[in-house]
Amino acid sequence: DHSLLRQVSSLLRRLPTMESEKFQDDFLMEFNDTLLITYLAMFTNC
Amino acid sequence: DADAIYAYDEAAQTKSQQEKPWTQDPNYFKKVRISALALLKMVVHARSGGTIEVMGLMQGKTDGNAIVVMDAFALPVEGTETRVNAQADAYEYMVDYSQTNKQAGRLENVVGWYHSHPGYGCWLSGIDVSTQMLNQQFQEPFLAVVIDPTRTVSAGKVEIGAFRTYPEGYKPPDEPVSEYQTIPLNKIEDFGVHCKQYYSLDITYFKSSLDCHLLDLLWNKYWVNTLSSSPLLANRDYVAGQISDLAEKLEQAENQLAHTRLGSFLGPSQRKKEHEESQLAKITRDSSKITVEQVHGLMSQVIKDILFNSVRH
Amino acid sequence: MDIEHRQAEIIDHFVKQAEVMDGASLAALVLEATSHPSLFAFSEILASPNVRKLEGSRYSLTLDLLRLFAYGTWNDYEVSNSGGLPALLPDQVRKLKQLTVLTLAETKKVLPYDQLMQEIDVSNVRELEDFLINECMYAGIVRGKLDQLRRCFEVQFAAGRDLRPEQLNNMIQTLSNWLGTSDNLLQSIQEKIKWADAMSEADKRHHKEIEDRVEDVKKSL
């Protein structure tokens with residue numbers, strides 16, 4: 001099915017969606033911030 | 001069958017109005033059924049208010065001990081805490097809207113009002129209670145609904161409460177406290193003083209076959225929006241507010257603890273209170289709730305990253 | 001997806017025509033297909049038996065032309081022009097340039113203006129932007145943003161072009177990679193759910209033990 005193949009090809013071409021370094025930095029920053037909140041919350045609970 | 005609820009039975013409504021069963025029992029109404037249309041309109045309207053309170057009216061009917069909300073419309077009123085009684089312009093709008101609805105064949109009457117509590121939970125404040133009591137005196141059956149748009153985003157489910165007030169001076173039997181919710185420190189007094197003057201109703205939702213069809217069509221769009229949004233970003237201010245509120249509560253708990261230590265032995269009344277959830281336990285619960293919502297937000301980000309960013313050609 | 005819906009009927013039409021034509025009439029058909037404003041895919045026509053028969057015949061150039069529109073770019077045409085492909089009509093030129101933008105958009109998400117101008121033989125930015133807006137975005141084959149400050153075109157969506165047979169393996173490999181990643185993710189989520197359940201059970205047990213001990217101590221006191 002050529003049409004389906006073309007659509008799959010178009011979809012795959014859009015992956016990976018984000019691969020810029022800046023994104024990775026922000027992502028990791030957000031990741032660590034949230035883990036820090038979790039850590040502090042555990043402290044508070046204790 | 002699913003659509004039968006949309007038929008308006010005038011005779012039944014007139015009969016119910018004449019009998020007024022709600023005057024016999026303050027707890028007569030126990031359930032609320034809200035249509036998908038009304039829910040969407042109210043939540044979207046509440047969300048559009050940002051951090052300001054907005055209000056509107058609900059149209060519907062009664063069905064035994066349930067109030068059925070068929071539709072809702074916004075009122076040109078903001079900041080309800082200051083002006084919970086919709087002033088003249090809102091009244092004029094209300095009357096116009098209701099009359100036009102009748103002409104358009106929508107026969108439902110106004111059965112209640114809704115307003116938003118952005119970020120501080122679904123309950124009735126002192127002013128809300130007095131407004132609702134007034135409405136229940138003159139506009140029965142009448143319902144009060146409160147929606148928290150901010151927590152809706154944070155929790156990923158609609159934070160909504162439906163309430164009816166008790167008559168003046170009525171002492172409700174000790175009933176179990178409804179679902180626990182975090183009340184900000186600056187609202188705790190307003191919440192605590194009045195929380196016995198009203199009760200909450202069970203809320204269920206319904207949608208018509210046309211609603212189903214429309215929601216199916218919108219499903220993809222909904223998913224795209226969900227996938228491309230992140231509660232961590234959308235609710236940063238709210239979370240910051242929650243954490244600072246938590247810190248204040250901790251401060252207060254610590255002070256109180258110091259007082260009790262200075263105080264003499266615990267009196268029996270004090271000991272009884274201990275059986276209720278201690279303040280610290282509540283604070284722990286608040287803290288866990290904040291953390292869980294944050295971790296949920298983070299999990300969705302991590303899952304999206306793995307699914308859409310790790311594919312290599 | 002929309003572009004596929006739109007051109008499905010057109011493809012059907014040309015494929016049916018191709019089944020009852022040969023030689024010169026097929027050449028005219030290919031000319032019409034490669035000039036059609038809403039057609040950006042030619043594999044189905046290429047797969048038609050009558051079209052295949054053109055191989056080695058005196059209309060083999062028509063077949064080459066169709067393959068160019070199925071897989072090639074404007075640069076390919078200019079380079080291969082020395083091989084004697086027929087001169088293109090203005091509609092065909094526009095079509096080939098649109099297809100070139102698609103190919104570029106497939107490989108990169110951010111396309112510099114300079115590269116685009118070079119690839120589709122456009123002499124200035126204004127002309128390039130007009131082409132991208134009027135011939136590509138309005139045609140629905142790409143979606144994106146023109147960043148005039150950084151002089152680049154940010155691609156958000158690009159329709160798929162016809163696949164060369166040898167590209168299939170690569171695509172299958174990518175798809176199976178993606179599937180593998182998704183399966184791993186699902187599995188790890190399942191494991192985490194089991195872990196969380198186990199932890200909450202352990203917590204409850206621990207809580208109960210503590211309460212029992214408190215009771216004991218109270219009794220003994």
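Note: hydrogens, waters and symmetry copies are ignored here, and every other heavy atom, side chains too, is used. Chain letters run A, B, ... following the sequence lines, proteins first, then strands; residues in each count from 1.
Between B:Leu215 and B:Lys207, the closest side-chain pair of non-hydrogen atoms falls below 4.5 Å. Contact check for B:Lys249 versus B:Ile188: side-chain heavy atoms found under the 4.5 Å cut-off.
At a 4.5 Å heavy-atom cutoff, the contact between A:Leu12 and chain B is made by backbone and side-chain atoms alike. For B:Val302, the parts sitting under 4.5 Å from any heavy atom of chain A are the backbone and the side chain alike. For chain A, the nearby part of B:Leu250 is the side chain; its heavy atoms alone come within less than 4.5 Å.
Between B:Leu233 and the choices B:Ser230, B:Pro231, B:Ser229, the side-chain contact (heavy atoms from CB on, under 4.5 Å) rule is met once, by B:Ser230.
Ranked by heavy-atom pairs shorter than 4.5 Å toward chain A, the options B:Asp305, B:Ile290, B:Leu246, B:Val295 are led by B:Asp305.
The pair B:Glu159-B:Lys157 meets the salt-bridge criterion, with a side-chain N (NZ, NE, NH1 or NH2) lying under 4.0 Å from an Asp/Glu carboxylate O.
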